[in-house]
Amino acid sequence: MSSAFAAFSLDGRRALITGAGRGIGFAISQTLAAAGAEVTLCARSKSELDEAAAQIRAAGGKAEVLVADVTDVEAFADALSALPAFDVFVNNAGTNRPKPLQEVTPDDYDAVMGLNLRAAIFAAKAVAKGMLAAEKSGSIINISSQMGHVGAANRTLYCASKWAIEGFTKALAVELGPKGIRVNTICPTFIETPMTKPFFEDPAFKAQVLGKIKLGRLGQVEEVANAALYLASDASSLMTGSAMLLDGGWTAD
Ligand code: NAD
């Protein structure tokens, strides 16, 4: 790697990515591994993870799998305590149940807030515990959304969860900055993934979304992965408590 790009190298770094079996998490895992990181892919489905890790190894990367449900916060913390500390954590597992508030149930609340907020907070706690014990500097990247900065119809729960993760990120950055651990969010607009595929089967919804994205197209997972590489690496060494908006201009007006 030429010196101009040395700050982007992740050689010798250990990175944990949740929700790594597909979508944005898998793309981030591929990019961090290509930059030299030893990646640990976490999700619930072993077969999905084994296939994802095999693809990374076939491309010359180093990949391990951790089969875990991040909503089982005690089991996740126990699993991490048995592993060496990580340098990079991508808190990516997330979900959405779009519907008008009048149709939102307590079960929807528990599913969305339980994964996007509760699990994300306790996953960050478990990873940071290892970083602190090993006295490592580190980078925690919370995958938020443009919906952590604006509102949208049918997204009361999702927006609540992502606005909360923005606040969590700032508070944790204040707490961990003195220890050399940086904490930031990535806030993508609509990205083509298995999670959003069903939404775009509705042509009216697709037209509405494309009308808000000034670049006139949906985002691709690789574009989120490139931002994650920046935040994971020393290239972003002065950045903490910040939100990186990858919204194609959604929030510009
Ligand atoms: P996805 O549904 O395609 O993938 C989610 C991944 O999380 C899967 O690998 C799944 O197995 C894993 N996962 C789900 N529940 C889990 C659990 N309990 N424990 C461990 N792993 C679990 O989703 P995606 O579209 O790639 O979204 C990833 C993140 O990006 C989410 O936080 C989402 O809110 C955010 N995001 C997505 C978009 C988008 O348009 N796709 C836009 C903005 C933000």
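Every number for a ligand or one of its atoms is a count from 1 in the order of the listing.
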For E48, the atoms of ligand 1 under 4.0 Å from one of its heavy atoms are 9 (O), 11 (O)
Interatomic distance, D50 atom CG to R57 atom CZ [nearest 0.5 angstrom]: 7.5 Å
Between ligand 1 and T95, is the shortest N or O to N or O distance under 3.5 Å? no
Please confirm whether D72 comes under 4.0 Å of ligand 1, counting heavy atoms of the residue only. no
Looking at A43, which atoms of ligand 1 are within less than 4.0 Å of one of its heavy atoms? 11 (O), 20 (C), 21 (N)
Parallel, tilted or perpendicular for F205 and F200, by the 30°/60° rule? tilted
With a cut-off of 4.0 Å, which atoms of ligand 1 are near a heavy atom of G21? 9 (O)
Does ligand 1 have an atom that lies less than 4.0 angstrom from a heavy atom of P188? yes
Please report whether ligand 1 has a polar contact with I24, defined as an N or O pair separated by less than 3.5 Å (distance criterion only). yes
Return yes or no for this condition: an N or O of T196 is under 3.5 Å from an N or O of ligand 1. no
Closest by any non-hydrogen atom to atom 16 (C) of ligand 1: pick that one out of R22, R44, M195. R44
State whether the shortest distance between N or O atoms of V70 and N or O atoms of ligand 1 falls below 3.5 angstrom. yes
Under 4.5 Å between any side-chain heavy atoms of L176 and T240, yes or no? no
Can you find a pair of side-chain heavy atoms, one from I28 and one from T31, that are under 4.5 Å apart? no
Run the numbers for me: atoms of ligand 1, each under 4.0 Å from some heavy atom of D69, listed by number. 17 (C), 18 (N), 19 (N)
Counting each atom of ligand 1 from 1 as listed, which ones have a heavy atom of G94 under 4.0 Å away? 31 (C), 32 (O)
Taking 4.0 angstrom as the limit, do R44 and D72 come out as a salt bridge? no
I191, any N or O under 3.5 Å of ligand 1 N or O: yes
Answer yes or no: is there a side-chain heavy-atom contact under 4.5 Å between V39 and V88? no
Between ligand 1 and G219, can you find any atom pair, the residue atom being a heavy atom, that is separated by under 4.0 Å? no
Numbering as shown, the atoms of ligand 1 that approach T189 to under 4.0 Å (heavy-atom distance): 40 (O), 42 (C), 43 (C)
Counting each atom of ligand 1 from 1 as listed, which ones have a heavy atom of Y158 under 4.0 Å away? 33 (C), 34 (O), 35 (C), 36 (N), 43 (C), 44 (C)
Audit row: D108, K99, side-chain contact (heavy atoms from CB on, under 4.5 Å) steps and yes/no: CA-CA 10 Å; D108 294 328; K99 52 177 76 168; 2.8 Å; yes
Give the contacting part of S144 toward ligand 1: side chain, backbone, both or neither, where contact means a heavy-atom distance below 4.0 Å. backbone
Using heavy atoms and a 4.0 Å limit, tell me yes or no: is T18 in contact with ligand 1? no
Among all the protein's non-hydrogen atoms, which is closest to atom 7 (O) of ligand 1, and how far away is it? G19 CA, 3.1 Å
Just need the protein heavy atom nearest to atom 41 (N) of ligand 1, so name the residue and atom and give the distance. T193 OG1, 3.2 Å
Taking the side chain as everything from C-beta on, heavy atoms only, tell me whether M147 gets closer than 4.5 Å to W250. yes
Would you check if the side chain of S139 reaches a backbone N or O of L231 as a donor-acceptor pair within less than 3.5 Å? yes
Would a 4.5 Å heavy-atom cut-off, applied to side chains only, mark Y230 and N226 as touching? no
Validation row: V209, L218 side chains within 4.5 angstrom (heavy atoms): yes
Using the rule that two of Ile, Leu, Val, Met, Phe, Trp, Tyr join whenever any of their side-chain heavy atoms come within less than 4.5 Å, decide whether V183 and L245 are in one cluster. no
Closest heavy-atom pair and its distance - A227, M244: CB-CE, 3.9 Å
Honestly, for C187 the part within reach of ligand 1 (heavy atoms, under 4.0 Å) is neither
Side chain, backbone, both or neither: which part of K162 comes within less than 4.0 Å of ligand 1 when only heavy atoms are counted? side chain
Can you list the ligand 1 atoms lying under 4.0 Å from a non-hydrogen atom of I143? 29 (C), 30 (O), 32 (O), 35 (C)
